[in-house]
Amino acid sequence: MAINWTEAQIEEVIAQVLKNLGEPTPVKKEWDSTQYQGRKLIGIYEDMNDAIEAATAGYKAVRAMTLEEREKVIAVIRDYCRKESPIMASLGVAETKMGRVGHKTAKHILVADKTPGTADIVAQAKTGDYGLTLTEMAPFGVVGAITPSTNPSETVICNSIGMIAAGNGVVFNPHPNAIATSNYAVDLINRASKKAGGPEVLVASVAKPTLETANIMYKHENIRLLVCTGGPGVVKSVLSSGKKAIGAGAGNPPVIVDDTADIAKAAKDIIDGCSFDNNLPCIAEKEVFAFENIADELIAGMQKNGAYKITAEQADKLAKIVLVETKNPKTGIVKKTVSRECVGRDAAVLLAKIGVKVLDSDYRCIICETDFDHPFVQHELMMPILPIVRVKDIDQAIDLAVKAEHGCRHTAHMHSKNIDNLTRFARAVETTIFVKNAPSYAGIGFGGEGHTTFTIAGPTGEGLTSARSFTRYRRCVLSDAFRII
Ligand code: NAD
């Protein structure tokens, strides 16, 4: 598919090329989040209050639709999402400078194919001596959704399908670093709505999302539910808003490999999962705990599958680059945070930062042996760097893996054929997703059974969200009738 760029996008690409050539970088222009190739994007507002008003009108239109009509809109969204996946993938990589176009394309197709629609909304019936009681899953109203930079358009489309299927309206406050990509997806939903006979503006967003626009959303009386996909800061802020909120927060997924695993397969699966979209998915493998009697074989298997092994000294050098120290001026406490210049970058780009020059086509992941306390183990890096810690037995593996997950209750992985070990780890780690003997993305329906989502709500317990997560239960009682037995 031909991809035509806006002036700003072309300048961004030129800036990158010049940077690589060692030329001075031209002043960066802001991405235009209101148009694409000169076409005005539908549903994008300067003022959050106007966006909420438009989403409220969208909600009223959805409420007036039959389920069949909602499904028609969703069918066109799926179709456009599939067809335009290369555009959104390219736009996402160019704008955020993170991830890989091929993998982002696959993520959009996954969203199109495996995000549940209206079939996810089911009623419960209870009959007895007093008649019939129905419990139905009803919409909340207008949902305020905050979306991340790591899966920007994927999350906008996945959230929209589920929220519309459930009968809601939705207004987005997308990540500022992925605003052009996110708003492209908002426009896609609106184009699909129009094509299917729905309103011209079904979902809405803002041109310049900020913490202020998020706060307007938190306080606006029309917003009945907040859904937040992002890091710990923003999840905490929505959960403190006083409104009903769904929080899909950070993880740090550990992987255990014991000595009963198919080691060659485990090595390939781990590198496949860890390097997928340069480790941006929150479910991706972030650190490995390998039994010491199979660790050498596992590492050799990873190297055969595109992993570049760095030394302990190189790992320390890289850690100082990918994690930056910031001092809180009030408390004086020094905190390490991931460098935005490194998140989601290619392994070859990260290796170049420590003076190692390799071809991007040869290596997709960096591996290293570290101890448990190493910052690579302790921090959610979201880049293709995978530390491996040797452990003596299952007790030590579970103990360290649970600690490395930091109680996020997000995702964990294990490669083993020992059902006792698998069960013990799954019970101990208490994560929302637990993947056995597969790459991490099997946990979101990519090569694994089950639906997909890009909003995995561990902290608030909805798990892998779908249409029903965005509903409230309502009871309807019919007295003394409709019990027919
Ligand atoms: P981020 O936390 O930097 O930003 C998420 C969104 O929140 C953005 O729109 C941002 O502008 C906004 N924001 C940040 N702080 C805020 C505040 N205090 N008040 C209001 N808005 C605020 O997220 P990111 O870096 O784009 O995404 C990566 C993080 O998100 C990782 O920690 C990852 O694990 C997590 N994530 C989780 C899931 C999940 O399903 N659980 C999915 C994707 C990403």
Side-chain angles (χ1 to χ4, degrees), residues 33 48 92 95-99 104 107 111 115 144-156 158-159 162 171-183 185-186 205-206 208-219 223 226-241 243 245-253 276-286 337-344 379-383 405-406 408-412 431-433 440-441 443-445 451-466 469:
S33 66
M48 176 54 93
E95 184 184 17
T96 65
K97 302 181 193 69
M98 305 190 296
K104 283 197 188 292
K107 281 159 69 179
V111 165
T115 305
I146 291 183
T147 51
S149 58
T150 46
N151 320 303
S153 35
E154 300 90 316
T155 308
V156 166
C158 187
N159 278 181
V171 59
F172 289 96
N173 196 64
H175 200 291
N177 296 350
I179 187 61
T181 315
S182 307
N183 282 356
V186 168
S205 176
V206 283
K208 282 202 173 79
T210 58
L211 294 186
E212 268 166 49
T213 54
N215 268 316
I216 294 172
M217 201 186 218
Y218 293 176
K219 296 199 176 91
I223 303 292
L226 291 166
V227 177
C228 169
T229 312
V234 64
V235 168
K236 194 173 166 201
S237 85
V238 292
L239 296 185
S240 325
S241 67
K243 282 206 154 89
I246 294 177
N252 193 34
F276 188 69
D277 207 18
N278 284 343
N279 202 257
L280 289 176
C282 50
I283 53 157
E285 295 83 347
K286 300 283 190 282
T337 50
V338 285
S339 157
R340 288 277 158 186
E341 294 299 310
C342 299
V343 171
H379 291 267
E380 185 200 28
L381 297 180
M382 293 180 290
M383 55 191 89
E405 213 270 329
H406 300 309
C408 297
R409 294 180 163 196
H410 197 298
T411 300
T431 48
T432 306
I433 299 180
S440 49
Y441 43 70
I444 52 165
H451 73 272
T452 201
T453 183
F454 280 84
T455 298
I456 298 147
T460 48
E462 290 77 8
L464 286 94
T465 56
S466 60
S469 315

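Model, not experiment: these values are computed from the prediction. Counting starts at 1 for both ligands and their atoms, in listed order.
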> What residue and atom, counting heavy atoms only, is the protein's closest point to atom 44 (C) of ligand 1, and at what distance?
Replying inline: Thr150 OG1, 3.7 Å
> Considering only the protein, which heavy-atom contact is closest to atom 8 (C) of ligand 1, and what is its distance?
Replying inline: His175 CD2, 3.2 Å
>> Would Pro232 count as a polar contact of ligand 1, with the cut-off being nitrogen or oxygen pairs under 3.5 Å?
In response: no
> Of the protein's non-hydrogen atoms, which lies at the shortest distance from atom 39 (C) of ligand 1, and what is that distance?
Replying inline: Cys282 SG, 3.4 Å
> Which atoms of ligand 1 are found less than 4.0 Å from any heavy atom of Asn173?
Replying inline: 9 (O)
> What's the shortest distance from atom 6 (C) of ligand 1 to any protein heavy atom, and which residue and atom give it?
Replying inline: Ile146 CG2, 3.5 Å
> Just distances here: any N/O of Pro148 and N/O of ligand 1 closer than 3.5 Å?
Replying inline: no
> Side chain of Thr452, backbone of Thr115: donor and acceptor closer than 3.5 Å?
Replying inline: no
> Quick one: does Met382 get within less than 4.0 Å of ligand 1, heavy atoms only?
Replying inline: yes
> What atoms of ligand 1 come closer than 4.0 angstrom to any heavy atom of Tyr218?
Replying inline: 19 (N), 20 (C)
> At a 4.0 Å threshold, what atoms of ligand 1 neighbour a non-hydrogen atom of Gly251?
Replying inline: 34 (O)
> Hey, does the side chain of His451 reach the backbone of Leu464 with a donor-acceptor pair shorter than 3.5 angstrom?
Replying inline: yes
> Are Tyr218 and Ser237 close enough that some pair of their side-chain heavy atoms sits under 4.5 Å apart?
Replying inline: yes
> When you look for heavy atoms under 4.0 Å from ligand 1, do you find them on the side chain of Ser149, its backbone, both, or neither?
Replying inline: both
>> With heavy-atom distances below 4.0 Å as the criterion, list the atoms of ligand 1 near Pro174.
In response: 9 (O)
>> Just to be sure I read this right, does ligand 1 sit under 4.0 Å from the backbone of Val238, its side chain, both, or neither, counting only heavy atoms?
In response: neither
>> In the structure I gave you, are the side-chain heavy atoms of Val206 and Asn183 within less than 4.5 Å of one another anywhere?
In response: no
>> Could you tell me, atom by atom, which parts of ligand 1 come under 4.0 Å of a heavy atom of Asn151?
In response: 43 (C)
> Would you say the side chain of Cys408 lies within less than 4.5 Å of the side chain of Glu380, judging by non-hydrogen atoms?
Replying inline: no
>> Heavy atom to atom 13 (N) of ligand 1, shortest distance: which of Thr432, Val234, Ile283 holds it?
In response: Val234
> In terms of residue, atom name and distance, what is the protein heavy atom nearest to atom 30 (O) of ligand 1?
Replying inline: Gly230 C, 3.0 Å
> Does ligand 1 have a heavy atom under 4.0 Å from the side chain of Glu380, from its backbone, from both, or from neither?
Replying inline: side chain
>> Looking only at side-chain N and O atoms, does Thr460 offer a donor or acceptor that is under 3.5 Å from a partner on Glu462?
In response: yes
>> Using the rule side-chain hydrogen bond (donor to acceptor under 3.5 Å, both in side chains), only one of Asp277, Asn151, Asn278 pairs with Lys104; which is it?
In response: Asp277
>> Within ligand 1, which atoms have a heavy atom of His410 less than 4.0 Å away?
In response: 39 (C), 41 (N)
>> Under a 3.5 Å distance rule, please check whether Thr150 uses its side chain to pair with a backbone N or O of Pro281 as donor and acceptor.
In response: no
>> I'd like to check which ligand 1 atoms, numbered from 1 as shown, lie under 4.0 Å from a non-hydrogen atom of Pro176.
In response: 11 (O)
>> Test your reading of the structure: does Leu211 have an N or O sitting under 3.5 Å from an N or O of ligand 1?
In response: no
>> For atom 37 (C) of ligand 1, what is the closest protein heavy atom, and at what distance to 0.1 Å?
In response: Gly249 O, 3.2 Å
> Within the distance-only criterion (no hydrogens, no angle test), does the side chain of Glu154 pair as donor or acceptor with the backbone N or O of Lys107 below 3.5 angstrom?
Replying inline: no
> Does ligand 1 have any atom that is closer than 4.0 Å to a heavy atom of Thr147?
Replying inline: yes
> Can you check whether Ile216's main-chain N or O pairs, donor with acceptor, with Glu212's side chain at less than 3.5 Å?
Replying inline: no
> To the nearest 0.5 Å, what is the distance between OG1 (Thr431) and CD1 (Ile283)?
Replying inline: 11.5 Å
> Any luck finding a side-chain donor-acceptor pair between Thr453 and Thr465 under 3.5 Å?
Replying inline: yes
>> Suppose I only count heavy atoms of Phe454 and a 4.0 Å limit; which atoms of ligand 1 are within that range?
In response: 40 (O), 42 (C)
> Heavy-atom distance under 4.5 Å between the side chains of Thr181 and Val156, does that happen here?
Replying inline: no
> Who's the nearest protein heavy-atom neighbour of atom 2 (O) of ligand 1, and how far?
Replying inline: Gly231 N, 2.7 Å
> Out of curiosity, is Arg340 lining ligand 1, as in a heavy atom under 4.0 Å away?
Replying inline: yes
> Does Lys243 NZ have over 12 foreign heavy atoms under 6.0 Å away?
Replying inline: yes
> Purely on distance, is any nitrogen or oxygen of Ile456 under 3.5 Å from one on ligand 1?
Replying inline: yes
> Taking it one step at a time, do Thr96 and Ser149 satisfy side-chain hydrogen bond (donor to acceptor under 3.5 Å, both in side chains)?
Replying inline: CA-CA 7 Å; Thr96 65; Ser149 58; over 6 Å; no
